Each structure stands twice: as structure tokens, then as C-alpha cells.
Amino acid sequence: MSDNPWAFCEDQVVSLISKVTEIEPAEVRQLIEIPPDSQLGDIATTVAFYLAKKLKKNPVAIANEIVVLMREQMENHPIIRTIETKGPYINIFLNRETMAEIVLDTILSKNDEYGRTSEYAGKRALIEFPAVNPSKPWHIGHARNAILGDTLANVLETTGYDVIRIDYINDLGLQIAQLVWKLMRIPDAPKEGEKYDHYLGRLYVEVQREFEDEEAERQIREIGQQLEDPNSEAFKRGAEIVTKCVKAQNQTAYLLGIYHHYQIWESSIAHSGLLEKAKEMMLQCDSIFKMEEGEKAGCIVAKLDDLDEFKGMKEPYKVLFRSDGTRTYTGADVAFQLWKHRIVDDPFEYKELEVQPNGEPVYRTALEGEKHDIGRVDAVFNVIAAAQAHPQKLIYNILELLGYETAAKNSHHVAYEYVGLEDVEFSGRKGTWVGYTTDDVLRRARELAAEEVKKRNPDEDQEFVENVSSQVAVGALRYFMLNASPDRKITFRWSEALDFDGDAGPYLQYSHARAQRILEKAGGEHDDADLSLLTSPYEYELIKAIARFPNEVLEVVRGMNKQPKGTSFNSNRLTTYGYTIATLFSKFYDNCPVLKADGNLRAARLALVRAFRITIANCLRLLGIPVINRM
RNA sequence: GGGAUCGUAGUCUAGCUUGGAUAAGGCACCAGCCUCCGGAGCUGGGUAUCCCCGGUUCGAAUCCGGGCGGUCCCGCCA
């Protein structure tokens with residue numbers, strides 16, 4: 001049995017057209033489309049246009065000729081019912097009875113595995129997200145990153161990838177120096193009930209003002225220097241602060257159902273020997289060397305115009321290590337990227353940070369710990385803001401300079417645009433994120449959802465209300481972030497982000513709850529149903545749509561091509577798909593009674609409800625949206 | 001200066017990678033729909049120079065060239 005029923009049907013059509021027209025199947029596949037209106041057919045081909053150009057003949061006449069040939073060949077075809085032309089278009093109608101059987105048999109037998117395919121089986125991917133500074137709470141822009149990254153990881157897994165989810169923690173940045181300085185002056189005392197990351201965020205905004213004072217800045221810069229020494233007081237203090245902050249930030253991730261395998265801390269990159277190894281490798285490359293003269297004398301630089309792409313560049317020298325020997329961001333990032341691709345032996349030691357709510361531990365790199373074997377990696381995905389397209393590209397280009405062309409090719413910048421407010425952009429320094437942290441948004445969403453849940457379930461207890469409303473809140477936020485094309489800037493408005501109607505997460509969750517309710521009322525037993533009864537337009541449209549699920553997931557991964565802006569991840573294609581099947585189910589629900597239908601039809605419709613429930617549940621899990629039985 | 005990206009109804013968006021039939025949804029607004037499998041739903045009502053100009057094509061929202069407008073990037077910074 002095919003794990004991809006829609007692709008199976010398309011293949012049948014393609015092979016028939018190919019046979020009749022003697023065009024290669026791969027070419028024919030490019031000429032297949034879904035008609036704008038299902039009245040016109042289930043599958044269409046524009047092959048007549050294609051041949052018209054080649055043969056210099058009228059496409060309408062060609063279409064008519066092809067249809068005659070196709071009809072001759074399709075005697076007793078298992079799937080194709082009729083073929084028609086409409087002008088130059090050739091429209092193919094499938095056999096509804098057979099479709100119902102093929103699609104529902106596949107879904108019901110695959111169950112939780114429906115949607116999973118093996119196109120990328122055996123491949124291993126490493127994905128980094130969201131890499132938030134450990135000095136403040138996640139604002140909603142960070143949530144966008146984290147939700148995209150987590151969903152991409154799910155999607156890759158569904159197409160066969162083995163995925164390693166990592167996070168990067170910059171525990172040595174200026175922001176940490178500022179907080180260490182601040183907490184040397186005041187007691188480390190969050191307010192009653194205040195989350196530690198929110199507390200630091202509050203201090204951080206204060207420090208930005210104090211940083212304008214020259215003496216304060218001098219002291220903070222000095223602490224920044226001390227942070228580089230793992231034996232210093234500042235380092236130990238910083239590590240305490242960062243650990244507490246990261247654990248608080250993790251609570252936000254967990255609310256969203258986001259988990260990691262590893263956290264890579266900047267201090268480990270600095271002190272594990274990784275940098276030295278990487279530097280050594282770099283210096284063996286002809287295009288990376290120490291500048292002898294000029295403004296950048298003493299720096300280790302990459303000469304970028306040795307790559308065709310940068311030929312004729314005005315200032316081709318990119319500094320990797322400063323004249324005082326310290327790493328730049330790019331220098332450290334190159335070393336990190338080499339580690340991600342397993343080009344250098346893993347110098348890190350790992351320690352368990354905590355056990356996540358999914359039962360799995362998350363490990364962090366540490367100065368002392370145990371060795372782990374992360375294994376081979378075929379592709380690396382860095383989920384990073386679109387604004388960083390240039391620096392990301394440089395990192396990959398430098399891998400290329402070093403001779404690691406395959407690794408460079410398999411390095412992906414998964415870019416996404418910022419989340420902004422109506423007038424202002426989120427600014428860490430100005431603290432414009434206050435009131436718009438991910439925690440704030442989720443809390444507000446839970447409150448709104450709770451009102452709705454209470455209204456609908458007046459007899460249920462507080463636990464039920466809290467449980468359901470938090471799942472609705474997560475569903476709404478995750479859907480909101482995924483449904484926006486990553487290329488597009490989001491202007492955050494409460495009314496849109498927390499909308500529970502229409503094209504929104506809760507609508508999908510609701511369609512699942514409705515299907516689930518029908519199945520509960522029908523009782524557990526189900527007989528063999530005569531699925532060929534499912535031929536009404538409402539039933540048939542739903543069947544065709546749920547048949548496409550595995551194909552949709554595959555198409556998203558196949559479409560992840562490298563472009564100048566980065567590698568695009570069309571998360572919105574999957575939310576749109578979920579919305580489509582939920583809508584078709586709603587229409588079916590309103591027009592086709594299930595429990596009240598007679599005998600055979602009831603059994604057949606129940607099978608369809610069961611298949612829909614499986615599909616929407618698997619789709620929701622892919623998107624990280626909680627699957628709810630009652631809401 | 002160089003580069004990237006976005007521009008689609010009142011509004012927010014999808015479609016552009018791979019050209020194809022009447023440009024598809026949500027929100028908002030109006031009017032209907034449960035003797036019911038849950039109304040977070042369904043049905044109907046309508047708005048668009050697809051930013052502009054040109055080109056390629058039988059065919060352009062989609063591809064190419066040139067503009068215009070918004071955003072972003074191009075440090076031994078962080």
C-alpha cells in the first residue's frame with residue numbers, strides 16, 4: 001500500500017498520459033494541475049498547450065485527439081472514471097468509489113503514522129533555534145523563531161530525517177557583563193512570583209541607561225574581559241545568572257511544547273579547544289591568513305574575493321580573529337558551523353541541565369562533563385532572522401573557502417522576518433517588549449480562551465477550564481506564527497494573534513473535537529463498511545483533501561531550496577492545508593448526518609470521520625498544536 | 001554606493017519557486033440556519049489599475065528589464 005495516496009493517483013494519470021503522448025513521465029508531471037473548480041475534474045493536464053507549441057498545431061484539436069487515445073487505453077481503469085476536454089484543457093475525473101476505498105484504507109491502517117514518508121530516511125539533520133540571549137524573557141519575535149524551528153524539525157522528521165534539536169546560549173556577551181555588573185551593585189532578588197528572565201529583563205532595561213555613563217561602561221567592559229576567563233569571579237557569577245535565566249526561558253518553551261536535545265554555550269566554544277582547532281584548520285587554507293599591513297594588520301581574515309561570487313569586491317577581507325587574538329562573531333560562528341557538520345572532532349563535554357516535561361533530558365555543554373556521540377550530520381538548519389542573511393552567507397562561504405563544499409551546500413539559513421508592533425519595533429534596549437513577552441501573550445490568550453470554555457462548558461470544573469484554555473492559547477499562537485509566510489513582517493495586533501474564529505488554530509482544534517465526539521457517541525466497535533457509498537460531493541471533496549496530507553508535507557521539504565535570502569520554509573502551506581481539511585469537514589458535518597444515517601451509510605461515514613480525525617490530529621501534531629477531544 | 005526583501009479589496013493575508021481556466025481566504029459589516037452528531041460552525045450578500053511602465057508568451061499576479069514606495073543588510077561593533 002502506498003503511504004501517499006494522492007501521489008499514487010497522480011502517478012496513474014501521469015503514466016496514462018505519458019503512454020498516449022510519448023512524453024517522459026517526469027515531463028508530464030510538470031503539466032499536471034488541480035482544476036480551479038472540482039466541477040471541472042479532479043486532475044487536469046495542460047499537455048495540449050505543451051504539444052501545440054512543439055507541433056505548431058491548435059491546442060484544442062490536440063486535446064481532443066489525446067482524449068480519444070486516452071479513452072481507448074483506459075478501459076476498466078481502476079482509478080480513472082472519465083476524461084473530458086474543456087477547450088485545450090484535459091480534465092480527468094477519478095472513480096469516487098475506488099478513491100474512497102484506497103484513501104480510507106490507507107489512513108485507517110497507518111493511523112498515527114499517516115503522513116509519514118521515507119523519502120529522506122537515513123538522513124540526519126541538525127537544527128538550531130531560537131538562540132535567545134539569556135538576559136531577558138522571550139518576546140513574541142523569539143516565539144516566532146522557536147515555533148518555526150520546532151515545526152521545521154517536526155516536518156523533517158515526518159519525511160524521514162533523524163533530527164537533532166540544538167539551542168545556542170551566548171553566556172559571554174556584553175549583555176551578561178552588564179547584568180553581572182548590575183547584580184554586583186544590588187541584591188539578586190526578583191519580586192515575589194516574578195520569573196527570573198522577566199526580572200533580568202527589567203534590570204537589563206535599567207542597565208542600558210546606566211551604560212551611557214562612561215565610568216559604568218568602562219567597568220562593564222572590564223567585566224566583559226573577565227568573563228573570558230573561566231576561573232574569574234565574573235565568569236562564575238555570570239554562569240549562575242545565565243543558568244537561572246535559561247531555566248526560566250525554558251519554561252516558556254515548554255508551554256509551547258518546544259524541547260531540545262542540546263544547548264551549546266558560548267563559553268564552551270571559547271574554552272573547549274574548538275576555536276584553536278578551527279583556527280588551525282582555517283590557517284591551512286590559502287585564502288585565510290594573518291594580515292601583515294593596512295588597517296586590519298594583525299587580524300586573521302578570510303579573503304572573500306577568492307570565491308567567484310565575490311570577485312571584484314571592494315573590501316574583501318572579513319575579520320575572523322581580531323588583532324588581539326580574540327574571535328569575532330563570524331570567527332566563532334565558522335568554528336561552530338564546522339562543529340555542526342562534524343568536520344571537527346567534538347571537543348565538548350555535556351552535562352544534563354534539566355529533564356523536560358516530555359521526559360527527555362536537555363544537555364548543555366560544560367567545562368566538565370561527559371562525552372556524547374552526536375553522530376553524522378547531513379544537513380544543518382539555522383533558524384535566524386532574515387536581517388542576518390549576509391553574515392550567515394559569509395559563514396557558509398567561508399566553509400566553501402576551506403574546501404568543505406558539501407557542508408557549505410548543506411548549510412541552510414532558515415530566514416524569517418521580524419515581529420513588530422503597530423508603530424515601534426521590538427528593541428531590547430528600550431524595553432519596548434514589556435507587555436509583549438511570549439509569557440504575556442500566552443497568559444492573555446489563556447484568559448480569553450477560558451471565558452469561551454466556561455461559556456460552552458458551564459458544568460465543568462476549574463481544572464478542565466484551565467487545561468483546555470491553555471491548549472487553545474498555544475494552538476492560537478502557534479498557528480498565528482506558522483500561518484504567516486516567514487518572508488513577511490508580522491505586525492503584532494492582539495485582535496489578530498488571539499483570534500479564535502475562522503482561519504485560526506482553535507478552528508482546527510475544534511474540527512478535531514467534533515469528529516472525536518461523533519466517534520465517542522458511535523461507540524468503539526466498527527464493522528467493515530462499504531466505502532463505495534461515499535460519493536456525495538461533501539464526502540468526496542473531504543476524501544480527496546485528506547488524501548493529500550503526506551504529499552503536502554513532502555512538498556514543503558522538497559521546496560526548501562537555497563536562495564539569496566536564505567532557505568525558505570513555507571510553514572503557511574501546512575497551516576493552510578489543515579485549515580482546508582477542517583473547512584471541508586465542517587461542510588461535511590453540516591450536510592451529512594453520521595449517527596442518524598442508516599446502516600451501511602452510517603458505517604461508511606463513520607469510517608470517513610475516523611480517517612479525518614486521524615489526518616487532522618497528525619497535522620496538528622506536526623504543527624505542534626495541541627490535539628483536543630473536548631473544548 | 002552595492003545587495004536582499006516586501007508591495008494583491010476597508011483591513012490582514014494566500015497564490016509567485018514550477019506561467020494556464022472566473023485571482024482564493026480570514027477579519028470587519030448585513031441577512032439567514034440547530035424538533036442538532038457541539039454555533040469556536042454552516043449558507044448567502046462585494047468590494048481588486050494584483051504598485052507603475054515596458055518586454056517575453058497562444059496565455060503573466062507569477063518570468064525578464066527599468067522605475068516607485070516600505071523594510072533590512074553591507075564593522076576588529078554586539
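All chains are named by letter (A, B, ...) in the order of the sequence lines, taking the proteins before the strands, and each is independently numbered beginning at 1. Since the model is a prediction, treat every value here as computed from it, not as a measurement.
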| query | Under 30°, 30 to 60°, or over 60°: which ring-plane class applies to A/Tyr507 and A/Tyr579, parallel, tilted or perpendicular? | reply | tilted
| query | Is there a donor on the side chain of A/Asn91 or the base of B/A21 sitting less than 3.5 Å from an acceptor on the other? | reply | yes
| task | Would you please determine if the base of B/A21 is stacked by A/Tyr89, with stacking meaning a centroid separation under 5.5 angstrom and planes under 30 degrees? | result | yes
| task | Could you check whether A/Phe49 and the base of B/G20 form a stacked pair, meaning centres closer than 5.5 Å and planes differing by less than 30°? | result | yes
| said: My understanding is that only residues two or more places apart in sequence, or in another chain, count here; which of them pass ring pair (Phe, Tyr, Trp, His ring centres under 6.0 Å) with A/His139? | reply: A/His142, A/Phe426
| C1' atom, B/C50 versus B/U13: distance in rounded Å? | 13 Å
| message | Taking any heavy-atom pair under 4.0 Å as a contact, classify A/Lys296: base, sugar-phosphate, or nothing. | response | base
| said: Both conditions, 6.0 Å and 45 degrees, for the charged tip of A/Lys587 above the ring of A/Tyr538: are they met here? | reply: no
| task | Going by the side chain to side chain donor-acceptor pair (under 3.5 Å) test, name the single residue among A/Gln178, A/Lys182, A/Gln175 that passes it with A/Tyr204. | result | A/Gln175
| query | For the side chain of A/Ser323 and the base of B/C76, is some donor closer than 3.5 Å to an acceptor across the two? | reply | yes
| request: Taking only the side-chain nitrogens and oxygens of A/Arg514, find out if one of them lies under 4.0 Å from OP1 or OP2 of B/G39. | output: yes
| With respect to the phosphate group of B/C42, does any side-chain polar atom (N or O) of A/Tyr507 fall under 4.0 Å of OP1 or OP2? | yes
| said: Quick check: on RNA chain B, is the nucleotide nearest A/Phe500 upstream (toward 5') of the one nearest A/Leu174, or the reverse? Name the residue that is more 5'. | reply: A/Phe500
| query | So, is A/Asn483 close to the B/C12 phosphate, meaning a side-chain N or O under 4.0 Å from OP1 or OP2? | reply | no
